**Q** 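Please read through the structure below; I'll follow up with questions.
Quick note: residue numbers are just sequence positions, from 1. Model, not experiment: these values are computed from the prediction. Every heavy atom of this structure was used, including side-chain atoms; hydrogens, water molecules and symmetry mates were not.
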Amino acid sequence: MEQSLFDSYRLGDLRLPNRVVMAPMSRVRAAAGGLATPSMATYYAQRATAGLIVSEGVQPSLVGQSNPGTPGLHTDEQVASWRPVTAAVHANGGRIFAQIMHGGRVSHPDTNGLRPVGPSAVAATGEVFTPTGPQPVPVPRALETAEVPEHAESYASAARRAVDAGFDGVELHGANGYLISQFLSSNANLRTDRYGGSLANRVRFAVDAMAATVDAVGAARTGIRLSPGGAFWGVEERDVPELYALLLRELARLEPAYVHLEATADEEVLVALRRAWPGTLIMNPVHPMGAKRAGRSDADRWLGLGADLISFGRAFIANPDLVERMRARLPIAPEDEATYFQGGDTGYVTYPSYQHAG
């Protein structure tokens with residue numbers, strides 16, 4: 001039977017009213033101290049008709065903070081600040097997972113006062129945002145073998161706090177050149193211990209982080225996002241089909257709620273990973289760095305290729321009622337890129353639903 005984007009779906013203990021997922025997107029609107037704000041509650045509540053919302057990346061520790069203006073889940077104050085956000089989403093009938101994002105080497109001392117850490121002392125390429133503007137990414141400090149488990153465990157600690165803050169679950173950010181992705185990489189990870197070298201060693205950190213999180217909050221509340229072959233922040237990956245097939249085999253033993261794939265590899269590779277993954281698959285159907293914005297035709301195509309849920313990023317920015325717009329085939333409004341990261345409410349909570357537009 002052909003799946004529709006607007007069919008309901010059972011995800012762990014949740015019943016999603018449709019198969020549309022709001023993808024995680026950094027909007028850098030947190031208050032000082034990594035606190036969530038009333039505007040963030042409004043923003044996510046406006047988009048609560050999504051089957052599932054995945055929040056912006058939330059740092060699990062101070063050293064894990066990548067950019068200024070991002071929220072955290074490592075202090076009691078941060079937990080308290082998130083409760084009105086999750087309550088607002090639930091009051092509007094929605095469901096929300098927190099994306100836990102450890103930046104690893106993609107950070108700067110001017111942002112958090114700490115030297116970045118990574119699998120190896122290899123700098124990312126490009127410039128990272130800091131409180132005084134973009135700066136070259138510094139060389140990180142390579143983690144000692146004995147230190148690695150505490151960084152894997154930091155995802156689990158943040159997950160406990162996320163559930164305490166009212167989130168329905170968490171998504172580990174294993175994509176886009178951040179810490180988990182750095183361990184998977186063949187050029188950011190030059191380690192010769194149990195966390196580097198062979199494919200089995202390169203997937204170990206991701207699996208350890210997932211295992212700790214599943215142990216902390218349960219498999220049904222835990223997902224992971226991956227970008228197979230994605231070249232973000234200078235990360236390269238060798239043996240992509242084999243690397244990710246092995247990773248999915250290891251993750252399958254943990255029976256997490258889902259795997260969330262970005263379209264960063266050839267379709268043939270992605271379809272093979274769909275076939276290899278026994279659980280729920282969320283597909284983000286267009287390359288995150290591409291010019292194209294995902295639409296209903298992309299979603300229908302990937303549902304036909306075996307995806308269970310489809311995530312949309314940019315389309316949700318200017319269309320808080322994206323699900324209804326796609327259902328009724330109404331126009332999808334364009335977003336103002338100048339307001340992506342500038343802070344404030346303009347271009348954040350000011351986009352109207354279709355019936356109130358114009």
Side-chain angles (χ1 to χ4, degrees), residues 24 26 34 54-67 70-74 98-109 111-112 114-126 128-129 137-159 162 170-191 193-196 201-213 216 222-228 230-237 243-244 247 250-251 259-260 262 264 288:
S26 292
V54 184
S55 81
E56 63 210 275
V58 182
Q59 56 259 15
S61 60
L62 189 58
V63 75
Q65 181 177 7
S66 182
N67 295 306
T70 53
L73 270 170
H74 54 92
Q99 189 191 59
I100 303 176
M101 172 183 155
H102 189 311
R105 68 180 187 170
V106 184
S107 185
H108 197 281
T111 295
N112 57 15
L114 300 169
R115 183 178 177 187
V117 298
S120 302
V122 180
T125 59
V128 68
F129 290 108
V137 187
V139 175
R141 180 179 66 79
L143 290 167
E144 300 289 340
T145 302
E147 290 180 287
V148 175
E150 73 190 58
H151 289 269
E153 179 63 37
S154 73
Y155 293 89
S157 176
V170 298
E171 174 181 286
L172 273 58
H173 197 347
N176 298 18
Y178 299 110
L179 186 61
I180 291 174
S181 173
Q182 290 158 30
F183 272 94
L184 295 171
S185 167
S186 46
N187 69 340
N189 181 355
L190 306 179
R191 303 178 73 93
D193 64 0
R194 64 196 302 267
Y195 294 101
N201 285 351
R202 279 162 51 197
V203 304
R204 191 183 308 276
F205 182 79
V207 175
D208 286 356
M210 280 290 281
T213 305
T222 306
I224 188 170
R225 193 174 209 219
L226 303 169
S227 53
F232 301 91
W233 296 104
V235 154
E236 294 175 5
E237 292 171 344
L243 177 69
Y244 281 88
L247 176 58
E250 294 293 319
L251 294 178
V259 163
H260 186 177
E262 296 179 16
T264 44

**Q** Where is the tightest heavy-atom contact between Gly57 and Pro71, given as atom of each residue plus distance?
**A**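 In this case the closest contact between Gly57 and Pro71 is O-CD, 3.9 Å.
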**Q** With sequence neighbours left out, what residues match Glu147 under side chain to side chain donor-acceptor pair (under 3.5 Å)?
**A**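 Glu147: side chain to side chain donor-acceptor pair (under 3.5 Å) contacts with Arg141.
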**Q** Just jot down the salt bridge (Lys or Arg N to Asp or Glu O under 4.0 Å) partners of Glu237, sequence neighbours excluded, or say none.
**A**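 Here no residue qualifies.
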**Q** Applying ring-ring contact (aromatic ring centres under 6.0 Å, His included), can you list everything that pairs with His173, at least two apart in sequence or on another chain?
**A**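 Testing His173 for ring-ring contact (aromatic ring centres under 6.0 Å, His included), a comparison that skips the adjacent residues, returns Tyr178.
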**Q** Hey, could you give me the CD1/CE distance between Ile180 and Met101, rounded to the nearest 0.5 Å?
**A**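 Between Ile180 CD1 and Met101 CE, I get 11.0 Å after rounding to 0.5 Å.
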**Q** Grab the two heavy atoms, one from Ala212 and one from Ala156, that are nearest each other, plus how far apart they are.
**A**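 Here Ala212 and Ala156 meet closest at O-CB, 3.4 Å.
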**Q** Dump the intermediate steps for side-chain contact (heavy atoms from CB on, under 4.5 Å) on Val259 and Leu226, then the final yes or no.
**A** CA-CA 7 Å; Val259 163; Leu226 303 169; 4.1 Å; yes
**Q** Mind checking what makes side-chain contact (heavy atoms from CB on, under 4.5 Å) contact with Val148, not counting sequence neighbours?
**A**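 Counting only residues at least two positions away or on another chain, Val148 forms a side-chain contact (heavy atoms from CB on, under 4.5 Å) with Leu143, Phe183, Arg191, Tyr195, Phe205.
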**Q** So, the side chain of Ser154 versus the backbone of Pro60: is there a donor-acceptor pair under 3.5 Å, distance only?
**A**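 Checking the backbone N and O of Pro60 against the side chain of Ser154, no donor-acceptor pair under 3.5 Å is found.
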**Q** Please check: side-chain N/O of Asn189 versus main-chain N/O of Pro119, any donor-acceptor pairing under 3.5 Å?
**A**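 Between the backbone of Pro119 and the side chain of Asn189 there is no qualifying donor-acceptor contact (under 3.5 Å).
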**Q** I'd like to check Met210 versus Val207 (side-chain heavy atoms, cut-off strictly below 4.5 Å). Are they in contact?
**A**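 Answer no - side chains too far apart.
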**Q** Which residues pass the ring-ring contact (aromatic ring centres under 6.0 Å, His included) test with His151, sequence neighbours left out?
**A**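 With neighbours one apart ignored, the set is His102.
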**Q** Looking only at heavy atoms, what is the nearest atom pair of Pro109 and Pro138, with distance?
**A**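 Taking Pro109 first and Pro138 second, the nearest heavy atoms are CD-CG, 4.0 Å.
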**Q** If every non-hydrogen atom of Ser66 is compared with every non-hydrogen atom of Gly103, which pair is closest and at what distance?
**A**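 Result for this residue pair: CB-CA, 4.1 Å.
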**Q** List for me each residue that meets side chain to side chain donor-acceptor pair (under 3.5 Å) alongside Arg115, sequence neighbours excluded, and say none if there are none.
**A**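 If we apply the side chain to side chain donor-acceptor pair (under 3.5 Å) test to Arg115, skipping adjacent residues, there are no hits.
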**Q** Within this structure, what is the NE2-CD1 distance for the pair His260 and Ile224, rounded to the nearest 0.5 Å?
**A**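 Spacing of NE2 (His260) from CD1 (Ile224) equals 12.0 Å.
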**Q** When rounded to the nearest 0.5 angstrom, what distance separates CG in Leu251 from OH in Tyr244?
**A**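 Spacing of CG (Leu251) from OH (Tyr244) equals 10.5 Å.
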**Q** If I take atom OG from residue Ser185 and atom CG from residue Leu190, how far apart are they, to the nearest 0.5 angstrom?
**A**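 Ser185 atom OG to Leu190 atom CG measures 8.0 Å (nearest 0.5 Å).
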**Q** Please confirm whether the backbone N or O of Asn67 pairs with a side-chain atom of Thr111, one donor and one acceptor, at under 3.5 Å?
**A**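 Judged by distance alone, no pair lies under 3.5 Å.
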**Q** Judged by atom type as modelled, is there a donor-acceptor pair below 3.5 Å linking the side chain of Arg202 to the main-chain atoms of Leu243?
**A**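 Not at all, since once roles are kept as given, no pair shorter than 3.5 Å links the two residues.
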**Q** Could you list the residues that satisfy side-chain contact (heavy atoms from CB on, under 4.5 Å) with Val137, not counting sequence neighbours?
**A**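 Scan of Val137 (side-chain contact (heavy atoms from CB on, under 4.5 Å), adjacent residues dropped) gives Ala124, Val128, Trp233.
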**Q** Report the residues that fulfil side chain to side chain donor-acceptor pair (under 3.5 Å) with Thr125, sequence neighbours left out, ordered by chain and then residue number.
**A**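 With sequence neighbours excluded, Thr125 shows a side chain to side chain donor-acceptor pair (under 3.5 Å) to no residue whatsoever.
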**Q** List the residues meeting side chain to side chain donor-acceptor pair (under 3.5 Å) with Gln182, not counting sequence neighbours, and say none if there are none.
**A**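 Testing Gln182 for side chain to side chain donor-acceptor pair (under 3.5 Å), a comparison that skips the adjacent residues, returns none.
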**Q** Determine whether a donor-acceptor pair (N or O, by modelled atom type, separation under 3.5 Å) exists between the side chain of Thr213 and the backbone of Ala209.
**A**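 At least one qualifying donor-acceptor pair exists.
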**Q** Can you list the residues that meet the side-chain contact (heavy atoms from CB on, under 4.5 Å) rule with Thr264, with sequence neighbours excluded?
**A**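 Thr264 satisfies side-chain contact (heavy atoms from CB on, under 4.5 Å) with Ser227, Pro228, Phe232, Glu262, His287, Pro288 once adjacent residues are dropped.
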**Q** If the condition is side-chain contact (heavy atoms from CB on, under 4.5 Å), which residues does Ser107 pass it with, not counting sequence neighbours?
**A**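 Expected list: Asn112, Pro116.
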**Q** Please name all residues satisfying salt bridge (Lys or Arg N to Asp or Glu O under 4.0 Å) with Glu153, sequence neighbours left out, ordered by chain then number.
**A**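 Listed in chain order: Arg160.
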**Q** Search all heavy atoms of Ala162 against all heavy atoms of Leu73 and return the closest pair with its distance.
**A**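 In this case the closest contact between Ala162 and Leu73 is CB-CD1, 3.7 Å.
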**Q** Take Val203 and Leu184, measure what side-chain contact (heavy atoms from CB on, under 4.5 Å) needs, and give me the verdict at the end.
**A** CA-CA 6 Å; Val203 304; Leu184 295 171; 4.0 Å; yes
**Q** Once you round to the nearest 0.5 Å, how far does CD1 of Ile100 lie from CD of Gln59?
**A**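 Between atom CD1 of Ile100 and atom CD of Gln59 there are 11.5 Å.
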**Q** On a heavy-atom basis, which atom in Arg105 and which in Ala123 lie closest, and how many Å separate them?
**A**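 Smallest interatomic distance, heavy atoms only, reads NH1-O, 3.3 Å.
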**Q** For Thr70 and Glu56, does a side-chain donor sit closer than 3.5 Å to a side-chain acceptor?
**A**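 There is no such pair between these side chains.
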